[in-house]
Amino acid sequence: MSQNTIRIATFNVNSIKARLPRVTEWLEEAKPDVALLQELKCADESFPHFEIESAGYKAEIHGQKSYNGVAILSRHPIEDVRRGLPGADEMGDDADQARYIEATVKGIRLASIYLPNGNPAPGPKFDYKLRWMERLRAHVAETLLPSERPLALGGDYNVCPTDRDVHDPTGFAEDALCRPESRAAFRALLNLGLTEAWRALHPNAEGKYSYWDYGAGAWQKDNGLRIDHFLLSPQAADRLVECEIDRRPRGREKPSDHTPVVVELTVD
DNA sequence: ATGACTTTCAGCGAAAGA
C-alpha cells in the first residue's frame with residue numbers, strides 16, 4: 001500500500017518580478033504542492049497574482065516594497081495565515097520588515113522565513129539578526145511545538161550550520177553567516193527538538209550548496225553556501241521521505257542567486 | 001585588484017544582498 005506525500009519547496013527568488021519567468025517555469029517542472037518564497041521585493045498590491053494563479057497556485061503574501069517580502073504558494077487550500085513573528089514591538093527597529101509568514105496546508109503548519117543577513121558583523125545588523133533568531137526560537141518553543149502537530153519551517157536562514165556547508169570555511173569564519181554566534185542560535189533551534197531535514201538524510205555530505213554569489217564565477221567554480229533549510233517538528237520528521245536541492249534554476253538565464261530546496265513528507 | 005554581480009529606487013549613484 002503506497003502512501004500519499006506532500007512536496008514542499010523553499011526558494012529565495014531575489015525579486016519575484018525580475019524572476020517571474022524562472023519561478024513559473026520551475027513551478028511547472030517541479031510541481032511542488034507548496035512553495036515558500038523569500039525576497040519578493042514587492043508590496044502586497046504589486047504581487048503578480050495572475051501569473052502565479054495561472055501556474056496553478058494560490059498565494060498568501062507578506063510583502064514589502066524594495067526589500068524582504070515572503071510568500072506561501074500552494075496548490076491546496078491555505079488556512080490560518082499569520083504574518084510576522086511575535087515581539088516586533090519590543091524590537092523597536094523592525095516593525096515593518098516582512099520576513100515571516102505562517103499558515104496551514106493539508107494539516108501541516110508551515111512557515112516561510114527570510115532571516116536577516118547580519119553583515120557586517122559585529123555591528124547593529126548582526127545584533128538585529130541574533131535578536132530575530134531569538135524571537136523565532138521563542139515562537140517555536142512557546143506556540144508551535146506545544147501544538148504537537150507536523151511543522152515545517154522552510155526558508156533562507158542566512159546561516160551555514162557547519163564548515164561542511166561552506167566552500168571556504170576560513171574565508172567565511174568571521175562572516176555573519178558562519179560566525180559562532182549565528183551557528184549557536186541555529187543549534188538552539190535544533191535543540192528545541194527540530195530536525196534539519198537535508199542534513200538528517202545526508203549526514204556525511206560536503207560541498208552541497210543552495211546559494212552561489214553572482215560574481216567571481218562562483219557558480220561555475222561551485223563556490224557556494226548552504227543556507228536554505230527546512231526545520232521539522234518531531235511529528236513532521238517522522239513523516240520525512242526525501243529532501244533534495246534542485247540546482248536546475250540556478251544554471252539558467254537571469255537566475256536568482258539561490259536555488260530551491262524541496263522536502264517530501266507523508267500525509268494521512 | 002580599492003574588483004567581481006544583481007536588484008531597487010519617481011534612480012541618474014547608492015544601498016543591500018551574503
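Hydrogens, waters and symmetry mates play no part in the numbers below; they use all other heavy atoms, side chains included. Below, read A as the first sequence line, B as the second, and so on, with proteins coming before strands; counting in each chain starts at 1.
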Nearest-nucleotide wise, let me know which of A:Y67 and A:L40 is further upstream toward the 5' end of DNA chain B. A:L40
Looking at A:K41, I'd like to know whether one of its side-chain N or O atoms comes within less than 4.0 Å of OP1 or OP2 on B:dG17. no
Could you tell me the separation between the NE2 atom of A:H258 and the P atom of B:dG17, rounded to a whole number of Å? 11 Å
So how far is it from A:I61 CD1 to A:H49 NE2, rounded to the nearest 0.5 Å? 5.0 Å
Between A:R75 and A:Y57, is there a side-chain donor-acceptor contact under 3.5 Å, judged purely by atom types and distance? yes
So what does A:N223 hit on the nucleic acid, given a heavy-atom distance under 4.0 Å: a base, only sugar-phosphate, or nothing? nothing
When you compare the side chains of A:H139 and A:E102, does any donor N or O come within less than 3.5 Å of an acceptor on the partner? yes
Please state whether the phosphate of B:dT8, meaning OP1 or OP2, lies under 4.0 angstrom from any side-chain nitrogen or oxygen of A:K17. no
Nucleotide nearest A:K125 (side chain, heavy atoms from C-beta), chosen from B:dT7, B:dT8, B:dG17: B:dG17
Categorize A:D257 for me: base, sugar-phosphate, or nothing, with a 4.0 angstrom heavy-atom threshold over every strand shown. nothing
With the threshold set at 4.0 Å, does a side-chain nitrogen-carboxylate oxygen contact exist between A:K31 and A:E28? no
So A:Y157, base contact, sugar-phosphate only, or nothing? Heavy-atom distance under 4.0 Å. nothing
Would you check if there is a donor-acceptor pair between the side chains of A:N223 and A:D168 at a distance under 3.5 Å? no
If you measure from the C1' atom in B:dG3 to the same atom in B:dT8, how many Å do you get, rounded? 22 Å
Is there a side-chain polar atom (N or O) of A:R19 under 4.0 Å from OP1 or OP2 of B:dT7? yes
To the nearest Å, how far apart are A:Y128 OH and B:dA16 P? 13 Å
Regarding A:D213 and A:K221, does a basic nitrogen lie under 4.0 Å from an acidic carboxylate oxygen? no
Please work out if A:K129 contacts a base, only the sugar-phosphate, or nothing of the nucleic acid, heavy-atom cut-off 4.0 Å. nothing
Phosphate OP1/OP2 of B:dT8 contacted by A:S15 side-chain N/O (<4.0 Å): yes
Side chains of A:H76 and A:D33 only: does a donor on one sit below 3.5 Å from an acceptor on the other? yes
Between protein and nucleic acid, restricted to nucleotides 11-13 of chain B and to nitrogen or oxygen atoms under 3.5 Å apart, what atom pairs and distances do you find?
none

Checking all strands, does A:N158 fall into the base, sugar-phosphate, or nothing category for heavy-atom contacts under 4.0 angstrom? sugar-phosphate
